[in-house]
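Data first, discussion second: the structure below is written as structure tokens.
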Amino acid sequence: MSIAASTPWNNLTRHAREIAGLHLRDLIQDADRCRAMTAKAEGITLDFSRQNATTETFQLLLALAEEARLRDKIRAMFRGDRINSTEDRAVLHVALRAPKGESITLDGINVVDEVHDVLDKIRAFSEKVRSGSWTGATGRPLTDVVSIGIGGSYLGPEFVHEAFRTDPECARSAEGRRLRFLANVDPIDVARNLEGLNPETTLVVVVSKTFTTAETMLNAKTLRQWLVTALGPDSVAKHMVAVSTNLEAVQAFGIDPANAFGFWNWVGGRYSVCSAVGVLPLALQYGMEHVGHFLDGAHAIDRHFLDTPTERNIPAILGLFGVWNSTFLGRPDRALLPYCQALLKLAPHIQQVDMESNGKRVGLDGQPVPFPTGEVDFGEPGTNGQHSFYQLLHQGRVVPADFIGFTKSQRPMDVPGEPVSNHDELMANFFAQPDALAVGKTAEEVAAEGVPADLVPHKVFPGNRPSNVLLVDGRLTPDAVGRILAVYEHRTAVQGFLWGINSFDQWGVELGKVLAKQVRSQLARSRKEGAPIEGFNPSTTALLKTYLGT
Ligand SMILES: O=P(O)(O)OC[C@H]1O[C@H](O)[C@H](O)[C@@H](O)[C@@H]1O
């Protein structure tokens with residue numbers, strides 16, 4: 001039976017109509033409601049009192065979680081059940097950050113031991129590179145790293161790199177080193193990456209779970225050629241290493257298996273940043289100690305997620321209100337608004353985590369789900385977003401938003417004579433925006449300010465726009481990066497569990513790849529043999545003719 005036919009679901013549908021007339025302007029005045037709609041754990045305060053919801057809504061959502069057997073599904077994931085049923089795989093990214101000595105058994109093997117074997121190998125290798133004892137083909141230390149990968153083999157590592165970059169301790173550890181990411185198959189991305197790099201001092205890390213992704217393979221060949229042209233064919237052994245689950249393909253490419261760092265098919269690409277995918281490039285740049293704190297932070301949220309009852313469980317609450325907003329209130333979008341410049345790549349990363357996971361049309365049973373799943377995630381750091389798309393958030397469509405802020409800055413600054421510190425200035429905006437969205441401004445209030453009657457409607461803010469506020473204790477440390485990552489990974493899983501879909505496959509990206517193959521072989525034949533364009537619809541045929549100039 002679809003969850004949409006259950007009593008808790010129907011109760012929520014009815015309840016959404018019943019409370020449609022309530023306004024956040026009034027709801028947020030209730031101190032008891034505010035207390036009931038705040039959760040604190042692992043240094044994170046989640047205030048969800050600005051949701052279009054009452055405490056009864058929350059209770060009804062908790063009943064939905066019961067109906068969907070949310071706690072059982074979370075336990076099944078942590079246990080290593082093959083919950084990715086369409087690929088017959090376990091979903092065990094939580095094992096990637098489990099401490100040494102813990103045990104998660106899959107097919108008779110303790111995967112935590114395997115994880116730590118790879119972490120130890122990364123520690124040893126990254127220390128050799130960082131200390132200069134591992135040198136390039138001409139005997140020079142390798143100070144620069146280009147990490148080649150796309151999708152899950154890129155977005156998470158770049159997000160964490162950007163988040164670490166301005167942390168004072170991480171910055172000290174990274175002195176004299178550079179880390180870059182080459183993702184797009186666009187040759188412009190190659191050119192940008194290689195700007196100012198010397199092959200003699202560059203290490204290339206090829207990151208690909210499958211080691212078959214077209215973009216990554218072409219970029220890997222492109223950089224192999226760059227190295228070989230400058231340093232000769234033997235340089236590959238010193239200048240190229242790989243991260244993959246497909247170690248045979250790594251070897252076939254010409255990378256020494258001793259310089260390959262493995263992971264496993266129970267790690268989804270978009271959940272792989274805590275595997276060698278993220279750990280290797282990050283350890284090369286910052287050293288293993290900082291990366292260890294990041295893994296510990298993610299693990300702390302894993303424990304919280306597994307052990308805490310739903311009503312106090314931060315990822316679960318975020319997921320429940322995600323479903324409330326998108327499915328019951330019909331709001332298909334969601335903004336991620338970190339008031340922290342170092343989180344500038346949070347939204348692009350969570351975009352993949354969430355949209356690739358939950359953009360599905362059928363349930364686990366293969367039947368079309370009778371409601372839309374997934375949301376359109378986007379975002380920018382505040383305050384930049386305020387001067388860009390917030391206009392629409394305030395007076396256009398209703399877009400549920402998450403505001404993420406910190407009690408301290410990575411880089412505290414004070415300008416003499418200014419009323420507040422630079423971080424307080426940032427945070428003044430952080431606290432103001434959720435209320436502006438929730439409370440709005442009525443026509444009477446606008447008129448009372450002496451605004452001419454014809455301008456009044458233009459200056460009205462309807463308010464009643466929902467948001468979550470996540471306030472993190474302290475500054476954005478590696479540990480906090482890990483906690484934020486895990487909160488959002490698990491939010492996505494919660495929504496998939498509630499909807500009854502498989503959040504861990506991604507068949508929807510395949511069709512485009514197949515069609516690209518057909519275009520690729522047409523381009524090769526037309527360019528090399530002058531072959532006519534065949535087998536495409538009239539529109540694509542005409543476009544290809546224009547492209548080829550034929
Ligand atoms: O790591 P790779 O095997 O190269 O895959 C890279 C990416 O490509 C695929 O198309 C998937 O949609 C992503 O989930 C994946 O992260």
Side-chain angles (χ1 to χ4, degrees), residues 83-84 86-87 89-93 96 118 146-161 181-186 189-190 193 204-224 240-253 255 260-282 345 347-361 374 376-377 485 488-489 492-493 496 501-520:
I83 60 171
N84 176 359
T86 62
E87 296 180 310
R89 287 176 180 171
V91 176
L92 271 178
H93 45 279
L96 300 170
V118 176
V146 178
S147 182
I148 303 176
I150 198 163
S153 294
Y154 154 61
L155 291 159
E158 187 182 52
F159 149 62
V160 179
H161 168 53
F181 294 92
L182 171 56
N184 199 337
V185 75
D186 186 340
D189 207 8
V190 176
N193 262 276
V204 175
V205 184
V206 185
V207 186
S208 175
K209 181 177 169 182
T210 55
F211 228 71
T212 57
T213 303
E215 291 89 339
T216 300
M217 290 303 107
L218 183 56
N219 278 332
K221 288 178 199 164
T222 308
L223 262 61
R224 183 174 62 189
M240 285 189 102
V241 299
V243 176
S244 187
T245 58
N246 184 356
L247 298 178
E248 286 103 70
V250 170
Q251 187 163 14
F253 182 87
I255 292 176
F261 300 83
F263 66 112
W264 307 270
N265 71 12
W266 41 262
V267 183
R270 53 193 174 274
Y271 297 95
S272 66
V273 58
C274 295
S275 73
V277 166
V279 172
L280 179 63
L282 294 164
K345 294 290 179 181
H349 177 48
I350 297 309
Q351 208 166 47
Q352 188 205 13
V353 167
D354 198 62
M355 293 172 76
E356 201 170 60
S357 295
N358 286 343
K360 303 288 162 65
R361 56 179 285 280
V376 179
D377 294 277
L485 170 81
Y488 280 99
E489 285 179 345
T492 290
I501 58 175
N502 182 356
S503 301
F504 305 106
D505 62 11
Q506 60 285 321
W507 301 107
V509 298
E510 294 305 319
L511 182 59
K513 290 185 194 172
V514 174
L515 295 180
K517 207 169 177 174
Q518 191 191 342
V519 178
R520 184 186 304 123

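Both ligands and their constituent atoms are indexed starting at 1 by order of listing.
Looking at heavy atoms from C-beta onward, N184 lies out of side-chain contact with E215 at the 4.5 angstrom threshold. Counting heavy atoms from C-beta outward, W507 and K360 have side chains that stay 4.5 Å or more apart. Proximity of F261 to V207: side-chain heavy atoms (C-beta onward) are nowhere separated by under 4.5 Å.
Looking from atom 15 (C) of ligand 1 to the surrounding protein, the closest heavy atom is G152 N, 3.9 Å. The nearest heavy-atom contact from the protein to atom 14 (O) of ligand 1 is E356 OE1, 2.7 Å.
A side-chain N or O of Y271 and one of S357 form a donor-acceptor pair less than 3.5 Å apart. Between the side chains of D354 and T492, at least one donor-acceptor pair of N or O atoms lies under 3.5 Å.
Every residue meeting the side chain to side chain donor-acceptor pair (under 3.5 Å) condition with E87, not counting sequence neighbours, appears here in chain and number order: N84.
Interface atoms of ligand 1 facing Q352, defined by a heavy-atom separation under 4.0 Å, are 13 (C), 14 (O), 16 (O).
Nearest to atom 4 (O) of ligand 1 by heavy-atom distance, out of I150, T213, I148, is T213.
For ligand 1, none of its N or O atoms has an N or O atom of Q506 under 3.5 Å away. The N/O atoms of T210, backbone and side chain alike, include one that comes under 3.5 Å of an N/O atom in ligand 1. The distance criterion of under 3.5 Å between nitrogen or oxygen atoms is not met by V509 with respect to ligand 1.
In this structure, K513 counts as a contact residue of ligand 1, since one of its heavy atoms falls inside 4.0 Å of the ligand. Using 4.0 Å as the threshold, E510 has no heavy atom nearer than that to any atom of ligand 1.
Taking the centre of each ring, F181 and H161 come in below the 6.0 Å mark.
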